[in-house]
Amino acid sequence: EVPDISFELLHGEIVRALKRFNEEEIGNSVEQKLDRMGFRVGQCWIERLTKDRVRFKDELEVVKYICKEFWMSLFNKQIDNLRTNHQGVYVLQDHKFHFFPQMSVTSQYSEEAPAFLAYPCGMMRGALVALGINSTVACEITSMPSCKFTITTLPA
Amino acid sequence: MSRQSRPSETRKISSELFTLTYGALVSQLVKDYESDAEINKQLEKMGYNIGVRLIEDLLARTNVGRCQDFRETADVIAKIGFRTYLGITPTVTRWSAAMDEFSLVLDSNPLADFVELPEDHHKLLYSNILCGVLRGALEMVHQEVEVSFLRDTLRGDDATEIRLKFIKKLEDALPAGEE
């Protein structure tokens, strides 16, 4: 077992290191790199999670699975609230998102926040693609540690 | 900066996510840097930065006092450091006669679970971040050490072994005239 603090320290340093590398101008933007890293991890994760599961009947069922099983397996809690306009937009709210507990409630880190959210956004997008849904995923911190993910599905 | 107090033993994030995230980092570095030597260097540097933060957390959550000698330091690293942050307890072994060098032998390595090294990266020290963590953490408690990977099961060795060598005690930089 590895405690959360180890993950926090690792993830935090990855974000900061990529920023340093970027100053040395290597490749894509920090957010893009983190998003891609998350994408691959998310894909791999959901493939293992769903390998013995029956097929999903529709998009909504997939998104619900992401909110419950997927989130649970990663963060040991479910997404707190799901809303949809039934036209391919889903808004997922996690009132206690555990990705950045080190970032305290102060606004000191609000500038850094987008980079800290790129990795989990990528994970969600990767998981959705693995289940047959192309999408864009955006994330914003509504008020720390509350977080809102907006999934906009794209035509296959 | 004030930090919120954290409940000490709540495990919220999956530890496999830790392993996969580290793997994603190494693949990104493999893409960004040409040589294994450069990747190893970057991993060590990242580890150093983590170590500097990690020691703060360690001192806050345990009541480890000042170590009397390097042997005690070795014990704290293995039995408290590794156990707390990676959930493993390496064996402290192969002391030098002068008692200033020892090895940590890892039976398992949570960073490298399910990992296979790519064919053309024979010099890649996959878990080199650990060397940096140790160097950074120890520097914060005034010990300058040299840390290196001697053996790695990922590279076909029979064990994973990290070597630590004590270099010198770092003095607090006090302004002239004090103490």
[X] side chain near [Y] side chain, heavy-atom distance below 4.5 Å:
X: A:Arg16; Y: B:Asn49; result: no
X: A:Ile14; Y: B:Gln28; result: no
X: B:Met46; Y: A:Arg20; result: yes
X: A:Phe21; Y: B:Gln42; result: yes
X: B:Arg53; Y: A:Glu13; result: yes

Item to check | Largest heavy-atom contact set with chain A, pairs under 4.5 Å, which of B:Ala24, B:Gly23, B:Ser27 | outcome: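 Ranked by heavy-atom pairs under 4.5 Å with chain A, first place is B:Ala24.
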Item to check | Winner by heavy-atom pair count (cut-off under 4.5 Å) against chain A, out of B:Thr21, B:Leu20, B:Thr19 | outcome: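 Between B:Thr21, B:Leu20, B:Thr19, the count favours B:Thr21.
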Does [X] [atom1] have over 12 foreign heavy atoms under 6.0 Å away?
X: A:Arg48; atom1: CZ; value: yes
X: B:Lys123; atom1: NZ; value: no
X: A:Arg53; atom1: CZ; value: yes

Are [X] and [Y] in one and the same hydrophobic cluster, where Ile, Leu, Val, Met, Phe, Trp and Tyr link if side-chain heavy atoms are under 4.5 Å apart?
X: B:Leu59; Y: A:Leu9; result: yes
X: B:Leu164; Y: B:Leu111; result: yes
X: A:Val89; Y: A:Val63; result: no
X: B:Val105; Y: B:Val76; result: no
X: B:Leu134; Y: B:Val64; result: yes

Item to check | Full working for side chain to side chain contact (heavy atoms under 4.5 Å, CB included) between A:Trp45 and B:Glu16 | outcome: CA-CA 9 Å; A:Trp45 193 271; B:Glu16 273 170 81; 3.6 Å; yes
Checklist entry - Side chain, backbone, both or neither: which part of B:Ile88 has a heavy atom under 4.5 Å from chain A? => result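 When you check distances to chain A, no heavy atom of B:Ile88 falls under 4.5 Å.
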Where is the tightest heavy-atom contact between [X] and [Y], given as atom of each residue plus distance?
X: B:Ile50; Y: A:Leu10; result: CD1-CA, 4.0 Å
X: B:Asp32; Y: A:Lys33; result: OD2-NZ, 2.8 Å
X: B:Ser14; Y: A:Ser73; result: CB-O, 3.4 Å
X: A:Ile5; Y: B:Arg61; result: CG2-NH2, 3.2 Å
X: A:Val2; Y: B:Pro110; result: CG2-CB, 4.2 Å

Checklist entry - Is it true that a side-chain atom of A:Ser6 and a backbone atom of B:Leu86 form a donor plus acceptor pair closer than 3.5 Å? => result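 Flag not set: sc A:Ser6 to bb B:Leu86 has no pair under 3.5 Å.
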